[in-house]
Peer 1: 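Have a look at this one before I ask anything.
Index from 1, following the sequence. Both backbone and side-chain heavy atoms feed into the values below; hydrogens, waters and symmetry mates do not.
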Amino acid sequence: MNARLDHRNPLVFDTHELGRRPGALQRLTRTIDAPKEFGLQGVIGVPEGAPVELELRLESVMEGVLVTGTARARAEGECVRCLEPLGLELEADFQEMFSYPDADDRGRVIAEPGDDAEDDEDRLFIEDGLFDLEPVLRDAVVLALPMQPVCQEDCPGLCSQCGARLADDPDHHHDAVDIRWAALQGLAETIQDGEKDEMSGAEAGVDEKQEK
């Protein structure tokens with residue numbers, strides 16, 4: 001069972017109007033402020049406090065209330081290729097059963113709810129006619145977000161050599177150097193430097209002789 005729910009929480013909904021009449025329907029719309037860490041942390045998500053529009057359909061059934069809905073918001077993150085900021089319009093659909101705590105899976109009233117602890121862990125319950133939509137909404141948003149967000153489908157990313165953003169300079173390139181020739185060139189430069197040192201030493205010796 002959940003901790004006692006607060007009806008002032010914008011993600012807590014009241015089902016008293018539905019009663020327990022199977023087939024009773026209620027449609028709701030609500031705009032809430034996004035809670036903290038609402039998305040894929042460090043990748044992309046809905047900023048805390050950003051508006052989230054909810055459209056809900058509450059249906060009373062034998063065992064509880066079936067909640068079907070859609071959430072719409074704007075998510076923000078970073079392109080995984082070029083690391084530039086990006087934003088996208090998010091639409092997440094969800095459906096969840098919130099069970100009456102005194103009914104089994106067939107809607108029959110049971111004397112002591114929660115006898116099967118394992119089953120209860122996977123079920124969400126109605127408490128005093130209230131249910132908390134936040135865990136369902138979080139799961140739906142995470143599933144609707146891209147795991148690898150990109151600013152555009154054909155984003156070329158960053159140059160692997162210098163880190164330049166390739167979309168800003170399509171002609172960006174570096175002259176390719178064959179590593180074998182690069183090694184020979186380095187050896188040649190080393191020999192050349194050695195020869196220069198020897199020549200400098202010889203010239204210094206000649207100058208000393210002339211002074212004598």
Peer 1: Under 4.5 Å between side-chain heavy atoms, chaining through other members, with only Ile, Leu, Val, Met, Phe, Trp and Tyr counted: pull out the rest of the cluster around Val61, sorted by chain and number.
Peer 2: Leu66, Met97
Peer 1: Can you find a heavy atom in the side chain of Phe13 that is under 4.5 Å from one in the side chain of Leu56?
Peer 2: yes
Peer 1: For Leu83 versus Glu78, what's the shortest heavy-atom pair and its separation?
Peer 2: O-CG, 3.2 Å
Peer 1: Say you draw a straight line from CG of Asp93 to OG1 of Thr70; how long is it, rounded to the nearest 0.5 Å?
Peer 2: 4.0 Å
Peer 1: For the residue pair Ile32 and Leu54, establish whether any side-chain heavy-atom pair is separated by less than 4.5 Å.
Peer 2: yes
Peer 1: If the threshold is 4.0 Å, N to carboxylate O, is there a salt bridge linking Glu89 and Arg74?
Peer 2: yes
Peer 1: Between Arg138 (side chain only) and Glu37 (backbone N and O only), is there a donor and an acceptor less than 3.5 Å apart?
Peer 2: yes
Peer 1: Minimum heavy-atom separation for Glu127 to Leu5, with atom names?
Peer 2: OE2-N, 3.4 Å
Peer 1: Using the rule that Ile, Leu, Val, Met, Phe, Trp and Tyr join whenever any side-chain heavy atoms are under 4.5 Å apart, tell me whether Leu86 and Val43 fall into a single cluster.
Peer 2: yes
Peer 1: Indicate if Leu90 and Met147 have the same hydrophobic cluster label, given that clusters are the connected sets of ILVMFWY residues with side-chain heavy-atom separations under 4.5 angstrom.
Peer 2: yes
Peer 1: Is any side-chain heavy atom of Phe38 closer than 4.5 Å to a side-chain heavy atom of Lys36?
Peer 2: no
Peer 1: Are Leu145 and Val150 co-members of a hydrophobic cluster defined by side-chain heavy atoms under 4.5 Å apart?
Peer 2: no
Peer 1: Could you go step by step and tell me if Ser99 and Glu63 meet the side-chain hydrogen bond (donor to acceptor under 3.5 Å, both in side chains) rule?
Peer 2: CA-CA 6 Å; Ser99 301; Glu63 61 268 32; over 6 Å; no
Peer 1: Are Val67 and Phe131 side-chain neighbours, meaning at least one heavy-atom pair lies under 4.5 Å?
Peer 2: yes
Peer 1: For Gly129, does its backbone N or O pair with a side-chain atom of Thr15 as donor and acceptor, under 3.5 Å?
Peer 2: yes
Peer 1: Would a 4.5 Å heavy-atom cut-off, applied to side chains only, mark Leu18 and Val65 as touching?
Peer 2: yes
Peer 1: Write down the atom of Ala34, the atom of Val46, and the distance for their closest heavy-atom approach.
Peer 2: CB-CG1, 3.6 Å
Peer 1: Checking side-chain contact (heavy atoms from CB on, under 4.5 Å) for the pair Val12/Asp6: CA distance, chi angles, key distance, verdict?
Peer 2: CA-CA 7 Å; Val12 170; Asp6 184 354; 5.6 Å; no
Peer 1: Of all heavy-atom pairs between Asp154 and Arg81, which one has the smallest distance, and what is that distance?
Peer 2: C-NH1, 4.0 Å
Peer 1: Supply the atom-to-atom distance Asp14 CG to Asp128 CG, rounded to the nearest 0.5 angstrom.
Peer 2: 10.0 Å
Peer 1: Could you grab the distance from atom CD of Gln152 to atom SG of Cys82, nearest 0.5 Å is fine?
Peer 2: 7.5 Å
Peer 1: Do Met62 and Tyr100 touch side chain to side chain, with heavy atoms closer than 4.5 Å?
Peer 2: no
Peer 1: Measuring from Gln95:CD to Arg57:CZ, what's the distance to the nearest 0.5 Å?
Peer 2: 8.5 Å
Peer 1: Is it true that Arg72 and Glu53 have a side-chain N and a carboxylate O under 4.0 angstrom from each other?
Peer 2: no
Peer 1: Measure across Cys151 and Cys79 and return the closest heavy-atom pair with its distance rounded to 0.1 Å.
Peer 2: N-SG, 3.4 Å
Peer 1: Are Val80 and Pro149 side-chain neighbours, meaning at least one heavy-atom pair lies under 4.5 Å?
Peer 2: yes
Peer 1: Could you give all pairs that pass the side chain to side chain donor-acceptor pair (under 3.5 Å) test and reach residues 23-34, with sequence neighbours left out?
Peer 2: none
Peer 1: Let me check something: do Leu28 and Leu133 share a hydrophobic cluster, defined by ILVMFWY side-chain heavy atoms less than 4.5 Å apart, either directly or through other members?
Peer 2: yes
Peer 1: Measuring from atom CG of Leu25 to atom CD of Glu59, what distance do you get when rounded to the nearest 0.5 angstrom?
Peer 2: 5.0 Å
Peer 1: Yes or no on side-chain contact (heavy atoms from CB on, under 4.5 Å) for Leu130 and Phe98, after CA distance, side-chain angles and deciding distance?
Peer 2: CA-CA 10 Å; Leu130 305 174; Phe98 289 86; over 6 Å; no
Peer 1: Determine, using the 4.5 Å side-chain heavy-atom cutoff (strictly less than), whether Phe94 and Leu40 are members of one ILVMFWY cluster.
Peer 2: yes
Peer 1: Given side chains that start at C-beta, do those of Pro35 and Leu137 come closer than 4.5 Å, heavy atoms only?
Peer 2: no
